[in-house]
J.: 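The structure is given below, and queries will be raised subsequently.
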Amino acid sequence: MTCDLVRIRLEPLSVELKLPLGSSLIAALAAHGVEFPCGGMGECSGCQVRVLSGSLLVTEADSATLTPDQLAKGWRLACQARAHESLVLECGQWRMQILADDNPSDPIPKVGALATMVAPSIPAVISRERAGDQSASSSRGLAVAIDLGTTTIAAQLIDASGNVLAVETALNPQAAFGSDVMSRIRAALEGQDLTTPIRVALGQIVARLARGRASQVAEVLLVGNTVMHHLFGSLDVEPLAHVPFQSPNLAEQRFTPRDLGWDLPSDCVVRFARCIGGFIGSDILAGIVAAGIALGDDLTALVDLGTNGEIAIGNRHGIVCASTAAGPAFEAGSIRMGMRAVTGAIAYVALVDGTLRPTVLGDGAPRGICGSGLVDAVAAGLRSGSILANGRIADGSKNFPIALPVVLYQSDIRELQLAKGAIAAGFRLLLKRLGAQVSSLHAIHLAGAFGNYVQIESALRIGLLEAPHSVIHAAGNTALRGAKMLLLAREEPQLPPIEHVSLAADPAFQDEFAACMTFPENL
Amino acid sequence: MALNVDLYDAILNGNAKKAHAATEAAIAAGVEPMALIQESMVPAMDEVGRLFECEEYFVPELLLAGRAMKGAMELLKPLLTAAGQKMAVRVVIGTVKGDLHDIGKNIVASMLEGSGFEVIDLGTDVSPENFVAAVEQRKPHVVCMSALLTVTMPAMKLTIDALQTAGLRTQVKVLIGGAPVTHQYAKEIGADGYSENANGAVGLVKNLLAGEAA
């Protein structure tokens, strides 16, 4: 029996696929890294493709989501499309990705960058551990640390001294089921298998990391948010789908390579570290370790500025943490001319003698603006008086030109207000919970890619952060660094109680959120 | 038509203190509560909605204006009840089961209230049974549901189904809203309407009820 196949070519990367006649495009495109932000429900237009050759019917979701002009140009939602003939498609998402090779601001640090980042900043506890660990650790061989993010995966092979021997990064294959944790939960509850794809993908990553020395790998440690923890461990995500968002299964999960189908020695221990509570998982736990929050009496904070902004503040006596839905504005996801930090993106904007001076990545013509550029641009607009404290563009026009053709629209500034308001309000409420003042903060560590590239000066000007400049530091991938520190520690580090605070349940949140949405006057 | 400029300005500027004072002064001067609502509060909230629509106002201004309006309304409500007066249209509103997000819902509630509707706010995490009970007891013309999470959206359908089962579905118009909700979804689950913002929700309620009257 032969099945009729149609050929699909995806441009601009010229990826060739063969699909059974009449089948949906989702699985095949997802396998090549195309993301489906709403989970393939036809509700967003993130997966749009343009028909270059052949034809795709206009579905109801196409008409509802795309403009007549876009439809006329051949744009369709890939998630709704079925292949009834051979096609050549342009993948909207790849127009940016193809330029990512010379990307000077890769979201996942390269080996060198990470090594230099880890070495000088490892807090005392791990240096001490390592010093005392020399003899014992040499027999332990190699270990793998994995930061399993909702969007990206970063993994490193390390030796017993913490040297990084190999690095692998990848997109999370669960992206086919949606870009945020809620879409993943919905897909899992609808009976989709999200466990096998991630176990298979990580098995391949581990195999590549350990090529030729798999027999020496004694331990694998994964960190990630609660949803990643549950989906990897094949645990029921139903408790995470409704208030109070508390799962009974927050403990560390242990696996043998055989459980996972991974090609590692049978006595190798694979662990997914314990979750903190709610959606806050071991990535923040690892971040707390990396930032050294539990080491001293001084109050220290960790702020992970992603789609789900996560904040932890505390000291060795106790830590409070919360997650807050900042949305995709920091990654320029909801910004009209927003783009990733790749060639053509405005990454920085300075105000010199009243004139905006943008820095374009790759020094070419500007095509859009990334998260750090957005924060800079709004900060510059506030300084020059072009943007008012309430977020309005001062001259009443609906856009604020940065470097033509790139402009910020009024709605873009509103998106940023929502995102920064959520983070700042969360931070204020956690401080209040501790009964502490900003002035008693010893340090604020900014985790994640955005935290690494945002100009702290600008973050302060827009009120995203409210603290003296001198205490704020970019900290890189604290989840991966913390995972390595946990692997290298001879025994589990003693952490104080970590209280998870549900911001949505706090009646003060709405007022604080509204207050934090406006920009500070004359900073 | 007697516009109370002090109350109007206080609501527009989100000044709860001044709105309270202006309302007290008007009551003392013998202004009819219903007239104050219809001739000053409703126009003020209309203007707030217009300013939001043209991107002049944003969420903080909506919340502040809503709070100023609510403070004034609290002074007037007992007077209305004592006089045996009622708003012509009653709306039941709530965030669906499993969901605690209430900022959007609160803004819609205050915009509706400021448009001269009686609003019964059931709060957050409202089960289908509680929506049904509210419809039975309070006999609203409209039910508004909010969900902010993709995973709690199905509770909207469950609520509509529960209204159907209880034989109440034809007595009310059902409107839905919230970040992940779409027009398409509203159609799918058999809601009567969807709005992407609070101002749209007010227009939608007016249109639906006008359509029914016609």
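Chain naming here is simple, since letters A, B, ... match the order of the sequence lines and numbering starts at 1 in each.
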J.: Look at A:Arg414, A:Met182, A:Lys398 and state which one has the largest set of heavy-atom pairs under 4.5 Å with chain B.
T.: A:Arg414
J.: Among B:Leu62, B:Ile103, B:Thr124, B:Asp102, which has the most heavy-atom pairs under 4.5 Å with chain A?
T.: B:Ile103
J.: Which residues in residues 189-201 of chain B have any heavy atom closer than 4.5 Å to a heavy atom of chain A?
T.: none
J.: Throw together a table of side-chain donor-acceptor distances under 3.5 angstrom for residues 329-337 of chain A, partners on residues two or more places apart or in other chains.
T.:
residue, atom, partner, partner atom, Å
A:Glu331, OE1, A:Thr307, OG1, 3.2
A:Ser334, OG, A:Glu415, OE1, 3.3

J.: So which residue, A:Ala241, A:Gly421, A:Ala515, ends up with the most heavy-atom pairs under 4.5 Å with chain B?
T.: A:Ala241
J.: A side-chain contact here means heavy atoms from C-beta on lying under 4.5 Å apart; do B:Phe58 and A:Leu418 qualify?
T.: yes
J.: With a 4.5 angstrom heavy-atom cut-off, which part of B:Leu100 approaches chain A: side chain, backbone, both or neither?
T.: both
J.: Check whether B:Gln184 gets within reach of chain A through its side chain, its backbone, both or neither, counting any heavy atom under 4.5 Å.
T.: side chain
J.: Where does A:Ser411 contact chain B at under 4.5 Å (heavy atoms): side chain, backbone, both or neither?
T.: both
J.: Once rounded to the nearest 0.5 Å, what's the spacing between atom CD of B:Glu56 and atom CD1 of A:Ile393?
T.: 11.5 Å
J.: List the steps and the verdict of salt bridge (charged side-chain N to carboxylate O under 4.0 Å, His left out) for A:Arg392 and B:Glu61.
T.: CA-CA 12 Å; A:Arg392 286 256 299 138; B:Glu61 288 89 348; over 6 Å; no
J.: Checking B:Phe131 now: which residues fulfil ring-ring contact (aromatic ring centres under 6.0 Å, His included) with it, not counting sequence neighbours?
T.: none
J.: Check residues 5-21 of chain B and write down every donor-acceptor pair under 3.5 Å in which the side-chain atom is one partner and the other belongs to a residue at least two apart or another chain.
T.:
residue, atom, partner, partner atom, Å
B:Asn13, ND2, B:Asp9, O, 3.1
B:Asn15, OD1, B:Lys17, N, 3.2
B:Asn15, OD1, B:Lys18, N, 3.1

J.: Going through the distances and angles, do B:Arg67 and A:Asp511 end up as a side-chain contact (heavy atoms from CB on, under 4.5 Å)?
T.: CA-CA 11 Å; B:Arg67 194 177 310 164; A:Asp511 287 348; 2.8 Å; yes
J.: Is there side-chain contact between B:Leu149 and A:Phe245, with at least one heavy-atom pair below 4.5 Å?
T.: yes
J.: Once you round to the nearest 0.5 Å, how far does NE2 of B:His101 lie from CG of A:Leu503?
T.: 9.5 Å
J.: Check each atom of B:Pro154 against the heavy atoms of chain A and say whether the ones under 4.5 Å are side chain, backbone, both or neither.
T.: neither
J.: Could you check whether atom CD of B:Glu136 has more than 12 heavy atoms from other residues, nucleotides or ligands sitting under 6.0 Å from it?
T.: yes
J.: Decide yes or no for B:Asn106 and A:Gln510: does some side-chain heavy atom of the first lie under 4.5 Å from some side-chain heavy atom of the second?
T.: yes
J.: Determine whether A:His242 and B:Lys97 make a side-chain contact, defined as any pair of heavy atoms from C-beta on separated by less than 4.5 Å.
T.: no
J.: So what's closer than 4.5 Å to chain A heavy atoms on B:Asp99: side chain, backbone, both or neither?
T.: backbone
J.: Could you measure the distance from the CZ atom of A:Arg186 to the OG1 atom of B:Thr150? Nearest 0.5 Å is fine.
T.: 5.0 Å
